[in-house]
Every structure is written in C-alpha cells, then in structure tokens.
Amino acid sequence: MLDLKFIRENAEKVKQAVKNKNEKTDIDLILSLDEKRRSLLTQADDLKHQKNVVSDKIALMKKQKQDAQEEIENMRKVSDQIDSLDKQIKNLDNNIDALLFTVPNIPHSSVPVGFDENSNIVVKTWGELPKFDFEPRPHWELGQILGILDLPKAAKVTGSGFIVLIGMGARLQRALINFMLDLHTKKHNYTEILPPYLANRASMTGTGQLPKLAEDMYLCEKDDLFLIPTAEVPVTNLLRDETLKEDDLPIYYTAYTACFRREAGTYGKDTRGMIRVHQFDKVEMVKFVKPETSYDELESLLQNAEEVLQLLNIPYRVRVLCTGDLSFSAAKCYDIEAWASGVRNYLEVSSCSNFVDFQARRMNLRFRPKAGGKLQIVHTLNGSGLALPRTMIALLENYQTEKGTVIIPEILRPYMDGMEEIK
RNA sequence: GGAGAGGUGGCCGAGAGGCUGAAGGCAGCUGCCUGCUAAGCAGUUGUAGGGCUUAAAACCUUACCCCGGGUUCGAAUCCCGGCCUCUCCGCCA
C-alpha cells in the first residue's frame, strides 16, 4: 500500500495513477477521513496526557494518605471521553485502512500509459520461429499420441482445468524444474527455498492477494488457510515484520512450488490443453533490494528469466505492460511470452515485476541504513523463472517432428539420462 | 488431541497494580584517559502516530513489555480469548 502521508502530500499524482490503472477509489474521501482522524487524535492525546499527569498525582496523594476521591471521580469522566474518542478513531482507522487497500501502486515514469493490453509495448524479440514442412500439432494432440498428457483422467480424478502428466511427460517437467533451479541457484546466485503451499491471511494480505483477489484463491475454511497462487506469497512473507541490516541486501530467493488458482471469470478462455489450469508448477524468483537499485534489479531479474528460454532455444518476446494492464501492486512489469508453434501463439510464461516499497510497507519489512537515520523500506521484486505448463507447451510444440515425437533440447538431456527424443 | 511451562528492548535477564520506556549485564555509539591494543571512567542508545516546522533536526505529546478484549482513577503486572515456543503423553506419513 501507499503511505498515507505520501497520499496527503501528492494527492494529484495518486489520482492520476488510479486513473491510468483503471482503478476506482476515492482519494478525496481518504483525505477527509484522515483529516477528521488527526483532529480527534489530537483531542484524545491531550486527554491521555491529562490522565497520565493526574494518575501520578493520585498515586502521590494516596502515598501521603490524602483523600483523592475528587480526582478519581474526575478521571472517571475523562476516561469515558477517551474511550469514546478512541472508538471513533478506531472506526476511522478501519475505514481508512480499507480504502488504502484499494489504492494501487503508482506506475514508474517509464511505463507507457494505456488502457489495456493493446497498449503494451514489445521491447524485445528473441530467436527464430521454427519452420515446419508439415502442420505442427497442438500440445494436447502430441500429449495424447505420446501418452504423456492425459486430460480426461485429470478430469476424472479432480475436474476440468487439471492435468496429469505420465511417464516421460512427468519426467520432462521434473527435468525442467531441476534445470531452472540449477540455473538460478548456481549461476544467478539465488538461494533455494522450499516453502509451505498453504498461507494464512496475514501473508496473503502482505503480498496483496487479499483483499482484492480473494475470489481467485482456494480457501481451506476449517483452518482459514489459502492454497498459494504463487510462491511469491510464502517466499516474500518469509521476511514479513523484519528489520534487516543494510548489508543483508540484496537477498535473492528462488522456489519451486505448485500454484493454485480458481481462475474465476476466465471460463471459455484458453480452455484446451494446459494453457490455463487450476494447478500448475512454477519456479519463482524473489528479490529484496535497496530502493536505489530496484530498477536495475528488475532488468537483471528479467534477464535471469529470459536465459531459461535462451538455453532451451525457445523463441520469445518481451513486453512492457502499460499502466492499464499493470497489476495493482506493481510499479513496472515485463511479461515474457514464449512462442508455441502448435497453438500459433505467444504464451505468457513469466511476469517480472518491481513493487518498489508497496508490498514491503504492507509487510512492515524495513532495513537499517548503515549511515544511520530512519529505517527505510525494502524494495521487493519477483518474476517467474518460469511457469512450467506453458514452457512445456512451447517445448513440445516447437520441438515436435512430423511423426509426433518430440526432440529433447540438449540442455535438458543430462536431466533425462541422456535421452534425445520422446517417442 | 490431552497435561504442564513460557513469550519483556539488538541480545541475556529482573520486575508481579502507581515512583517502569522499563533495573542489571552484554553489545553499540560519544567523550576522557593511554605510545598502540586491552582495561578503566562519564554520558548516550528503540519503533510508530500526532503536534510544531517550508522540510528536516530539536522540542512537546500519545502508543507499544506476543496479539485482541476486559477489570481499574491507573495494567508489562490482575481476568478472559487467540497465536507461537518448549516438555511429557496419545495418534500418525
């Protein structure tokens, strides 16, 4: 969330950001509630001061065996007044907090202004689109031919929107996971994390999934725990409510987890195959950095993710999201989209975002500057590195042969006992 | 799931209704002293909100001894609920 003081002092800038992000929230209402709150707070603080002074006096009088009955009577009234003011203030606090959760992060000045995804800008394309002298098949056909992907069985076990990988399909995905984790830990210096797949409300609120995206998550009501929609939630929240030393930063974490999304409201979109599913695997990268470095860190995060596709030799493009397509918490975001020859489309396999101080403020994650002075808020970033199903789709469809077999990219062969082809 | 014990500042650790933002120690910072180091002496040391200020610092003030309620003129301290940690028992991959 944004700092209330910042909103107070930059109201116009915030209103513009709300508009550019197609969000709706009443900044003026927040400001008027805030003003009311501060005036009540001053009154309450004055009374509390009086209470503290007189309480000391009563203690002294009692000690000297004097009668303090009059003071006690008076203080009873003052306490009642304080109670009433505190209740009003708390009420305002709750209202203000609820409203603050509806104020989006402010886009960085380099982010193009635009209404929806049509205004996203392609900033890079990499690789040659593969050419086929036959009609390339979509992955669900390849999966069926090879017996490595079974959607009907997944539907039987759980329901639509789930997948089951079998044999070399499962093995290929495991190879990809290991390859990605090895790349990020060994070459890019991320620390590997294996976090819980369930997270509590405080964590969900910390990274911003709550309150806005509650409908898109699976909730275990009995224990009030959510299935994580991304490793970002448990991994970022590892440091919630902590005060780091400046020398601790930057911190790089990478994690493989399953991710669970209800995808409410997306029925009918990308329903075939495994383009959009309720449970998928993902390798995630999370960074905690000093404020002045966060935009450089975003670029290197993007490169770390791109390198996965480069090593797999899968063509892709990178788009910078415009203000209207940018998520609520992000200040800037790049999408990486891998080309998939069978479905003839670019598929989003990664989103690399800089949240600047937006998440960390919510999470109360700060660091102590070496030079002294006030505690500063850490900047957080994350990006997929990468989402597995769509990477699998691109791999299967781009590396297919006319017979319906799939060549295994060289970089993965060591993870597959040297196997060269799935047939 | 049952029975106990406990959660206090950067750390250790006292306090058991008012004199406690919190003793004492350690660590840190600042002086003094010393050829250097160590020791010693003195002082100092949290976070957040509000006020004042162009802004910051200073200053004033409020809150914070796991979290949320309650009792009381007054709560770290008493009562209730929750969370977490530890020990023992049961169950279990």
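Worth saying up front: this structure is predicted, and the values here are computed from it rather than measured. By convention in this document, chain letters (A, B, ...) are assigned in the order of the sequence lines, proteins followed by strands, and residues within each chain are numbered from 1. These values consider heavy atoms only, across backbone and side chains, with no hydrogens, waters or symmetry-generated copies.
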*Using atom CG of D45(A) as one end and atom P of G50(B) as the other, report the distance to the nearest whole Å.*
10 Å
*Please give, in whole Å, the distance from C64(B) C1' to K48(A) NZ?*
11 Å
*Of all residues at least two apart in sequence or in a different chain, which pass the side chain to side chain contact (heavy atoms under 4.5 Å, CB included) check with I275(A)?*
H139(A), D270(A), V343(A), L347(A), R390(A), I393(A)
*Should the pair E307(A)-K187(A) be classified as a salt bridge under the 4.0 Å nitrogen-to-oxygen rule?*
yes
*Roughly how many Å is it from CZ in R37(A) to P in A48(B), rounded to a whole number?*
15 Å
_Whole angstrom value for the distance that separates C1' of G50(B) from NZ of K5(A)_ = 9 Å
*Looking across every strand, which nucleic acid part, if any, lies under 4.0 Å from K245(A) by heavy atom: base, sugar-phosphate, or nothing?*
nothing
*Have S294(A) and H379(A) got a donor and an acceptor in their side chains that come within less than 3.5 Å?*
yes
*In whole angstrom, give me the gap between the C1' atoms of C26(B) and C78(B).*
33 Å
*Taking the same atom, C1', in C66(B) and in A55(B), what whole-Å distance lies between them?*
37 Å
*Using atom P of each nucleotide, how far apart are C79(B) and C91(B) to the nearest Å?*
35 Å
*Please determine, by modelled atom types, if K282(A) and T257(A) share a side-chain donor-acceptor pair under 3.5 angstrom.*
no
*Expressed in whole Å, how much space separates the P atoms belonging to G25(B) and C65(B)?*
24 Å
*Starting at atom CG of D34(A), determine the distance to atom P of G49(B), rounded to an integer number of angstrom.*
12 Å
*asked:* Can you see whether E192(A) engages Y253(A) through a side-chain donor-acceptor pair at a distance of less than 3.5 angstrom?
replied: no
*Which nucleotide in the set G50(B), U47(B), C19(B) lies at the smallest distance from any side-chain heavy atom of R8(A)?*
G50(B)
*Would you mind telling me which of G51(B), G46(B), A48(B) lies closest to the side-chain atoms of R38(A)?*
G51(B)
*What's the CZ-C1' distance between R368(A) and C29(B), to the nearest Å?*
13 Å
_Side-chain donor-acceptor pair present, T102(A), K24(A), cut-off under 3.5 Å_ = no
_Rounded C1' spacing from U8(B) to C60(B) in Å_ = 28 Å
_Nearest whole Å is fine: how far is G49(B) C1' from D46(A) CG?_
14 Å
*So what's A5(B) paired with, Watson-Crick or G-U wobble, going by both distances under 3.5 Å?*
U85(B)
*Are the aromatic ring centres of H278(A) and F260(A) under 6.0 angstrom apart?*
no
*Which base, if any, makes a Watson-Crick or G-U wobble pair with C11(B), both distances under 3.5 Å?*
G25(B)
_C1' spacing across the pair U77(B) / G18(B), given as an integer number of angstrom_ = 11 Å
*Between Y190(A) and N304(A), do the side chains contain an N or O donor and an N or O acceptor separated by less than 3.5 Å?*
yes
*Nucleotide nearest K63(A) when distance is taken to its side chain, options C19(B), U61(B), G46(B)*: C19(B)
*Using whole Å, report how far CG of N364(A) lies from C1' of G49(B).*
14 Å
*Please determine, for U20(B), whether a Watson-Crick or G-U wobble partner exists with both distances under 3.5 Å, and give it or none.*
none
*Both distances under 3.5 Å, Watson-Crick or G-U wobble: report the partner of C59(B), or none.*
G51(B)
*Nucleotide forming a Watson-Crick or wobble pair with C32(B), both distances under 3.5 Å*: G40(B)
*Is N52(A) touching bases, backbone alone, or none of the nucleic acid, heavy atoms closer than 4.0 Å?*
sugar-phosphate
For nucleotides 67-74 of chain B, tabulate all protein N/O to nucleotide N/O atom pairs closer than 3.5 Å, reporting atom names and distance.
from   : atom 1 : to     : atom 2 : distance (Å)
G69(B) : OP1    : K90(A) : NZ     : 2.6
C73(B) : OP1    : R76(A) : NE     : 3.2
C73(B) : OP1    : R76(A) : NH2    : 2.1
C73(B) : O4'    : I72(A) : O      : 3.4
C73(B) : O3'    : S79(A) : OG     : 3.4
G74(B) : OP1    : S79(A) : OG     : 3.2

_Could you tell me how far G10(B) sits from C89(B) if I compare only their P atoms? Round to whole Å._
37 Å
_Can you tell me if R366(A) touches the phosphate of A48(B), counting only side-chain N or O atoms and a distance under 4.0 Å to OP1 or OP2?_
yes
*asked:* We want to know whether T207(A) and Q359(A) form a side-chain donor-acceptor pair, criterion being a heavy-atom distance below 3.5 angstrom.
replied: no
_Interatomic distance at P, U44(B) relative to U20(B), whole Å_ = 16 Å
